[in-house]
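Note sheet for the following structure.
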Amino acid sequence: MTPSIYPRLLLVLLAALPAARASAAAPTHAGDPVAENMLLLQTPSGGWSKHYREKKVDYARTYDAAERAALHAPGRHDDATLDNEATTREIAYLVQAHARTGNPAYLDGARRGVEYLLRAQYANGGWPQFYPDHSSYRHQITLNDDAMVHAIGLLQDIADRRGDMALLAPEYGPRAAAAVQRGLDSLLALQVRIDGQPTIWAAQYDETTLQPAKARAYELPSLAVAESVAVVRLLMRQPRPDARTVAAIESAARWLEQHRLPDLALHRFDAPAEETGKDVRVVAEPGASLWARFYDLERQQPLFVDRDSRPVRFADLSNERRTGYGWYGTWPEKLLAQELPRWRKVHAAGDAAP
């Protein structure tokens with residue numbers, strides 16, 4: 001190497017030194033495009049919406065400069081919710097993204113989400129469908145689409161240090177455990193009793209009277225099978241269930257078994273003459289079972305309601321409502337056939353916590 005090269009080499013090394021020092025002082029982290037979009041769409045309250053511009057949120061898309069500016073605007077509408085797994089889904093994903101990438105921004109976003117859950121909970125243990133927007137029926141304690149169950153389940157994952165959620169336990173463990181206990185106590189209090197007998201749960205409740213409440217026009221106060229299955233599973237998750245919890249599980253299981261619709265199945269078919277081009281009907285099928293989504297609060301019989309809030313027979317629902325909503329399903333099938341027998345073996349009579 002000739003002497004004339006040294007000055008140029010020294011200049012190159014000196015120029016690179018500040019960048020090297022900056023890199024050592026602030027290491028970069030692998031990015032996750034989905035997590036980045038979750039941080040972008042996180043609302044001022046710390047939760048997440050289920051919609052963006054009236055469509056289901058798409059975390060895989062690219063948001064342009066104008067959209068990003070609007071999302072960062074101070075006056076942005078806060079429509080954070082627990083509906084359709086919103087907020088709990090994002091918290092879980094951000095924690096997992098942090099575990100994969102080490103990016104602290106993702107864990108900070110998850111922390112804001114947990115704070116949102118803790119603030120949104122009512123003193124009586126329930127959660128509204130939306131917070132802070134309590135307009136219309138959004139203020140009601142909401143089991144619909146498992147909103148409250150998802151909130152309790154995620155907080156219990158933190159309290160129990162389950163998987164990546166253990167990352168949040170040092171900061172939130174005790175508060176999460178207390179919120180879980182209030183939530184479970186609320187669920188036990190909300191189990192609907194008819195003529196003094198425990199049944200299952202409604203989809204939503206007035207947060208003051210704790211009575212089953214109406215949501216959308218075709219969702220009248222009623223017993224809700226799909227949501228009740230999720231509640232029973234959450235109660236069965238508890239490691240040392242007390243006598244109240246065991247009684248709630250067993251009474252709900254009895255009700256579900258008693259209201260099974262045996263030897264029936266749901267048949268979907270093309271119907272070109274109908275409004276939607278399709279239709280659905282209940283048909284006989286030996287060995288099959290169905291449950292209605294809703295049962296009325298008086299006779300405890302299947303309940304079908306059109307958009308005018310008028311109860312009708314299933315066959316008399318408008319075609320759009322008959323085909324556009326899950327009026328029948330098999331939600332309790334696996335619970336009754338497989339999960340409950342396994343749970344009973346673990347929590348045999350006398351094993352309940354005092």
Side-chain angles (χ1 to χ4, degrees), residues 82 88 117-118 121-127 141-162 165 169 172-205 207 209-212 223-260 291 295 297 300 331-354:
L82 295 178
T88 51
L117 287 182
L118 295 172
Q121 187 180 27
Y122 288 129
N124 61 23
W127 267 271
I141 292 176
T142 302
L143 277 62
N144 189 50
D145 291 334
D146 306 334
M148 182 169 163
V149 167
H150 287 312
I152 295 174
L154 184 135
L155 291 172
Q156 188 162 14
D157 286 346
I158 295 172
D160 292 349
R161 297 175 176 265
R162 180 172 293 193
M165 288 298 170
Y172 292 107
R175 291 170 65 194
V180 167
Q181 189 57 59
R182 289 195 300 272
L184 293 172
D185 288 342
S186 175
L187 288 175
L188 294 176
L190 293 173
Q191 189 172 17
V192 178
R193 290 179 172 269
I194 298 178
D195 296 331
Q197 297 301 310
T199 61
I200 54 174
W201 286 263
Q204 49 274 320
Y205 295 79
E207 71 275 16
T209 67
L210 302 185
Q211 294 302 304
L223 302 173
V225 169
E227 285 75 12
S228 294
V229 169
V231 172
V232 172
R233 285 185 171 132
L234 178 65
L235 296 177
M236 289 167 55
R237 170 182 170 174
Q238 305 315 305
R240 298 190 68 239
D242 60 17
R244 283 195 314 157
T245 302
V246 172
I249 293 168
E250 292 292 1
S251 58
R254 282 194 299 273
W255 191 96
L256 291 169
E257 188 60 62
Q258 291 167 358
H259 290 81
R260 179 194 297 266
W291 284 261
Y295 289 74
L297 293 170
Q300 302 176 59
W331 307 282
E333 192 69 69
K334 185 178 178 182
L335 174 73
L336 296 175
Q338 302 176 29
E339 298 167 25
L340 265 168
R342 288 198 300 266
W343 178 83
R344 286 170 176 149
K345 287 181 180 179
V346 175
H347 301 284
D351 269 3

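- Taking the side chain as every heavy atom from C-beta outward, Val229 and Ile200 never approach each other to under 4.5 Å.
- Gly125 and Ser186 make their closest contact through C-CB, 3.8 Å (heavy atoms, listed as atom of the first residue, atom of the second, distance).
- Annotation: side chain of Arg244 is not in contact with side chain of Gln191 (no heavy-atom distance under 4.5 Å).
- The minimum heavy-atom distance between Ala253 and Arg344, with the atom names listed, is CB-NH2, 4.1 Å.
- Atom NE2 of His259 sits about 8.0 Å away from atom CG of Leu223, to the nearest 0.5 Å.
- Here the shortest heavy-atom pairing between Ser251 and Ala248 reads OG-O, 3.1 Å.
- Here the straight-line distance linking atom CE of Met148 with atom OG1 of Thr88 works out to 13.5 Å at 0.5 Å rounding.
- Residues Pro241 and Leu235 have side chains not in contact (no heavy-atom distance under 4.5 Å, counting atoms from C-beta outward).
- Residue Leu187 comes nearest to Trp201 through the heavy atom pair O-NE1, 2.7 Å, listed as atom of the first residue, atom of the second, then distance.
- For the residue pair Gln238 and Gln156, a side-chain donor N or O sits within less than 3.5 Å of a side-chain acceptor on the partner.
- No donor-acceptor pair under 3.5 Å is formed between the side chain of Glu207 and the backbone N or O of Tyr122.
- Between His347 and Trp343, the two ring planes are tilted [angle within 30° to 60°].
- Residues Glu227 and Gln204 fail the side-chain proximity criterion, which asks for heavy atoms closer than 4.5 Å.
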Quick one: do Asp146 and Leu234 satisfy side-chain contact (heavy atoms from CB on, under 4.5 Å)? Show the steps, please. CA-CA 10 Å; Asp146 306 334; Leu234 178 65; over 6 Å; no
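- When all heavy atoms are compared, the tightest approach of Arg193 to Pro198 is NH1-CD, 3.4 Å.
- Atom CG of Leu82 sits about 12.0 Å away from atom CG of Asn144, to the nearest 0.5 Å.
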Begin from the C-alpha positions of Leu340 and Glu257 and carry the test side-chain contact (heavy atoms from CB on, under 4.5 Å) through to its verdict. CA-CA 12 Å; Leu340 265 168; Glu257 188 60 62; over 6 Å; no
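- Here CH2 of Trp331 is found 11.0 Å from CG of Leu256. Values are rounded to the nearest 0.5 Å.
- Here the side chains of Leu155 and Leu118 are in contact, with some heavy-atom distance below 4.5 Å.
- Atom-to-atom distance recorded for Trp291:CH2 and Ser228:OG is 13.0 Å, nearest 0.5 angstrom.
- Heavy atoms only, all atoms of each residue included: Ala224 and Ala202 are closest at CB-C, 4.0 Å.
- With 3.5 Å as the limit, one finds no donor-acceptor pair spanning the side chains of Gln300 and Thr199.
- Between Tyr205 and Leu143, some side-chain heavy-atom pair lies under the 4.5 Å cut-off.
- Rounding to the nearest 0.5 angstrom, the gap separating the CZ atom in Arg182 from the CG atom in Asn124 is 10.0 Å.
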